[in-house]
Amino acid sequence: GHDFSSYKKSTVERRIARRMTVNELDSRQSYLALLEESQLEAHALYQEMLIGVTAFFRDPEAFEVLRTELVPKLFAAADPEEPVRIWHACCATGEEVYSLAILVREYLDEQGLSNKLLIFATDLDEVAVSRARAGCYPEAGCTGLGEGRLARFFTRVEGGYQVAKSLREMIVFARHNLIKDPPFSRLDLLVCRNFLIYITPDLQRRLIALFHRVVRPGGFLFLGSSETLGSHADLFLPVDKKWKIFSRHCSGARSESGLIFAAPAPLAGSRRPAEEGGCQAQTPGESVEKLLMERYSPPCVIVNDRYEVVHVSTRSSRFLEVPLGEPTRDLLRMVREGLRPALRTAIHKALTEQTQVVFRGQRLKDESGQLTVDVLVEPLGDAHAPSRLAMVIFESVSPAALQESMPPAAGHPQLPGDERSKDLLIRQLEDQLQIHHEQLRITVEQLEASSMGLFSSNEELMSINEEFQSTNEELQSTNEELETSKEELQSLNEELLTVNAELCGKVEELKR
Ligand SMILES: C[S@@+](CC[C@H](N)C(=O)[O-])C[C@H]1O[C@@H](n2cnc3c(N)ncnc32)[C@H](O)[C@@H]1O
């Protein structure tokens, strides 16, 4: 069976209600009893839940952006020796992925390119995947294609058209559960349209994090027109805001999706050897490297320019603590008290100047007492490709090591014993002074900016922002709700048209 608990309750309820109407049942108990005794009904309900509405060049304007902007970009930077990797998730009966394949084929032919290409198209619905693989569509479904494309990419079959073999062979179709099965990785383009609108915001968030993990830096993501990145807006840059085309941030920051996948088994139903999933077996070298990283590398966190933590390594808890009250990602609220001024200054300086900043000998207190630590902040980009992310490394130092590591102050010769401790103290005080000096400079800069009218009251902005955000979230969920209802109506409409056509046929027969 399939677990629908992460699908939106309203959609699930509407689909159940529809099956109850079809079966002329008005109580949930009696429908449950029917489900328990009838495999056929259980399967019908399962199919009812997977609303497979789709079409060739659905949202033509979006496909125009794909044709004019995205497809050329996909190949502009591609290494001709390496295949361009595309994953079309939730492809339903395949019309959308064939539309994309048509655009790609047209572009490659126009440009005289012979790049290698791997297009994977997957869906949970096995029946839909088989239909996609066969590529046969009724005439009515092919109207949006236009004469030219029909002639070039399709052959006439009884009752409709079949996608030409050359186009079908460009795509590997497979059944795949986006929530459970290992994903494809190192993607140049990931298309997942009109699936997120059916699932809970929490699962949407985890899938966006997963998409970020599997799309290569600079690769693209194409969502449905009413789908958004939600709280993960910082993981991708908009390429076309209206049609929800994004490019993945070039930074190497990883986002944890929290999704747990089944072991990477070959994808059922694929015709070529299955591609590797996201959870590849490690070589002994990789395992050792991972172990060394976990055991012996210093604790570190990755933060963005808003001081928000995007990744935490092992053994960082000594330097961080969960603050009371609302959960937060704000590093300055999480970090132990003694480190706050140094961190604020170091991150600001590292990101604005894109340079490494080190503050040695910072003192803080944890449960086991006083602790001295070196704080190193390193931006993840460089001067040519500045990054909004920085890595913060905490290195505990023993007082002895601290003395060793501190070079004598300029003009002071090496000093023994007590004198050396005094020298050390002076150096630490000098460092603290530098931190406070830097902080003062930042504050003065900010004050100047605000007095020039560049900033209005920060608190006001934040509260307006919060209001916008909550209104935005409400609008987004209403929008998604409308979109799912629209899709459901569309699928109902398609069914009615079929029933109508059947009835017309019967009337004709009766007349004769
Ligand atoms: C509305 S269709 C979208 C089709 C196409 N992407 C489009 O926008 O025209 C949603 C598809 O998601 C598929 N689906 C639902 N749950 C899924 C899951 N857990 N994993 C993969 N596909 C799923 C359904 O079978 C259905 O074909």
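Quick note: numbers below take in every heavy atom, side chains included, and nothing from hydrogens, waters or symmetry partners. The structure presented is a predicted model; accordingly, all values stated were derived computationally and were not measured. Numbering of residues begins at 1 and proceeds along the displayed sequence.
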*Least distance between heavy atoms, F4 atom then V12 atom*: O-CG2, 4.3 Å
*Determine whether L34 and R19 make a side-chain contact, defined as any pair of heavy atoms from C-beta on separated by less than 4.5 Å.*
no
*Around D26, counting heavy atoms of other residues, nucleotides and ligands shown, do more than 12 lie under 6.0 Å from its CG?*
no
*Take V239 and E69 through the side-chain contact (heavy atoms from CB on, under 4.5 Å) test and state the conclusion after the steps.*
CA-CA 9 Å; V239 173; E69 280 191 46; 4.0 Å; yes
*Is a donor on one side and an acceptor on the other found under 3.5 Å between the side chain of D181 and the backbone of N177?*
yes
*F222 to W243 - nearest heavy-atom pair and separation*: CE1-O, 3.4 Å
*asked:* Using ring centroids (six-membered ring only for Trp), state whether H249 and F236 fall under 6.0 Å.
replied: no
*asked:* Salt bridge check, E488 against R15: does any charged N sit closer than 4.0 Å to a carboxylate O?
replied: yes
*Heavy-atom pair of closest approach, residues T228 and I208*: O-CD1, 4.0 Å
*Under the 3.5 angstrom rule, does the side chain of S38 hit a backbone N or O of L35 as a donor-acceptor pair?*
no
*Please examine the side chains of I86 and V97, heavy atoms only from C-beta on, and report whether any two atoms are closer than 4.5 Å.*
no
_Carboxylate-amine/guanidinium contact R58 E487, below 4.0 Å_ = yes
_Please report the interatomic distance CG(L124) to NZ(K180), rounded to the nearest 0.5 Å._
9.5 Å
_Minimum side-chain heavy-atom gap L351-I347 below 4.5 Å_ = yes
_Can a donor-acceptor pair be found, under 3.5 Å and without considering hydrogens, that links the side chain of T21 to the backbone of A17?_
yes
_Tell me which one of T122, V172, L190 satisfies side-chain contact (heavy atoms from CB on, under 4.5 Å) with F184._
T122
*Between the side chain of R131 and the main-chain N/O of T93, is any donor-acceptor distance below 3.5 Å?*
no
*Which one of L117, N115, D188, L66 satisfies the side-chain contact (heavy atoms from CB on, under 4.5 Å) criterion with L74?*
D188
*Can a salt bridge be assigned to the pair R193 and D59 using a cut-off of 4.0 Å between side-chain N and carboxylate O?*
yes
*Salt-bridged, R156 to E139, with N to O below 4.0 Å?*
yes
*asked:* Between N194 and E227, is there a side-chain donor-acceptor contact under 3.5 Å, judged purely by atom types and distance?
replied: no
*What are the two closest heavy atoms between C91 and D123, and how far apart are they?*
N-OD2, 3.4 Å
*Are any of the side-chain heavy atoms of L187 and F211 separated by less than 4.5 Å?*
no
_I'd like to know if the side chain of Y7 pairs up with that of H2 as donor and acceptor (distance under 3.5 Å, no hydrogens or angles considered)._
yes
*Y98 side-chain N/O to A132 backbone N/O, donor-acceptor pair under 3.5 Å*: yes
*asked:* Nearest 0.5 Å, please: how far is CD1 in I51 from CG in D125?
replied: 11.5 Å
*Do the two ring centres, one from Y161 and one from F153, sit under 6.0 Å apart?*
no
*Check the pair R329, R306 against side-chain contact (heavy atoms from CB on, under 4.5 Å), reporting the backbone distance first and the verdict last.*
CA-CA 10 Å; R329 286 165 64 196; R306 282 170 286 164; over 6 Å; no
*Compute whether any side-chain donor of one residue and acceptor of the other, for E480 and Q204, lie under 3.5 angstrom apart.*
yes
*How many angstroms lie between CD in E24 and OG in S30, if you round to the nearest 0.5 Å?*
12.0 Å
*Output yes when E13 and R18 qualify as a salt bridge under the 4.0 Å nitrogen-oxygen rule, no when they do not.*
no
_Please check this pair: side chain of K8 against backbone of I197, looking for a donor-acceptor N/O pair closer than 3.5 Å._
yes
*Please confirm whether the backbone N or O of S185 pairs with a side-chain atom of R85, one donor and one acceptor, at under 3.5 Å?*
yes
*Can you tell me how far the CZ atom of F246 sits from the NZ atom of K241, to the nearest 0.5 Å?*
9.5 Å
*CD/E41 to CD/E48 distance, rounded to the nearest 0.5 angstrom?*
9.0 Å
_Working for side-chain contact (heavy atoms from CB on, under 4.5 Å), residues N500 and T498_ = CA-CA 5 Å; N500 197 23; T498 323; over 6 Å; no
*Does the distance from a Lys or Arg side-chain N to an Asp or Glu carboxylate O, for R512 and E509, drop under 4.0 Å?*
no
*Evaluate the side-chain contact (heavy atoms from CB on, under 4.5 Å) criterion for residues L189 and H88: first the C-alpha distance (whole Å), next the side-chain angles of each, then the deciding distance (0.1 Å), finally the verdict.*
CA-CA 8 Å; L189 168 63; H88 201 120; over 6 Å; no
_Under a 4.0 Å threshold between the charged nitrogen and the carboxylate oxygen, would D240 count as salt-bridged to K244?_
no
*Under 4.5 Å between any side-chain heavy atoms of V84 and L118, yes or no?*
no
*Considering all heavy atoms of both residues, which atom of W87 and which atom of L178 are nearest to each other, and what is their separation?*
CH2-CD1, 3.6 Å
*Considering all heavy atoms of both residues, which atom of I102 and which atom of L145 are nearest to each other, and what is their separation?*
CD1-CD2, 4.2 Å
*Quick check: does any side chain N or O of R248 sit under 3.5 Å from a backbone N or O of H212, one acting as donor and the other as acceptor?*
yes
*asked:* With heavy-atom distances below 4.5 Å as the criterion, would you say the side chains of R14 and S485 are in contact?
replied: yes
*asked:* For the residue pair D202 / T200, report whether a side-chain donor-acceptor contact shorter than 3.5 Å exists.
replied: no
*Kindly indicate whether the side chain of L389, heavy atoms from C-beta on, has any atom under 4.5 Å from the side chain of V303.*
no
*Starting at CG of L237, measure out to CD1 of I245 and round the result to the nearest 0.5 Å.*
14.0 Å
*Is the number of heavy atoms from other residues, nucleotides or ligands within 6.0 Å of NZ (K116) greater than 12?*
yes
*Around atom CG of L503, are there more than 12 heavy atoms of other residues, nucleotides or ligands at under 6.0 Å?*
yes
_Could you check whether any side-chain heavy atom of L70 comes within less than 4.5 Å of a side-chain heavy atom of F220, counting everything from C-beta outward?_
yes
*Among V310, I393, V392, which residue meets the side-chain contact (heavy atoms from CB on, under 4.5 Å) test with V301?*
V392
*Are Y137 and Q162 linked by a side-chain donor-acceptor pair shorter than 3.5 Å?*
no
*Are the charged groups of K165 and E169 less than 4.0 angstrom apart, N to O?*
yes
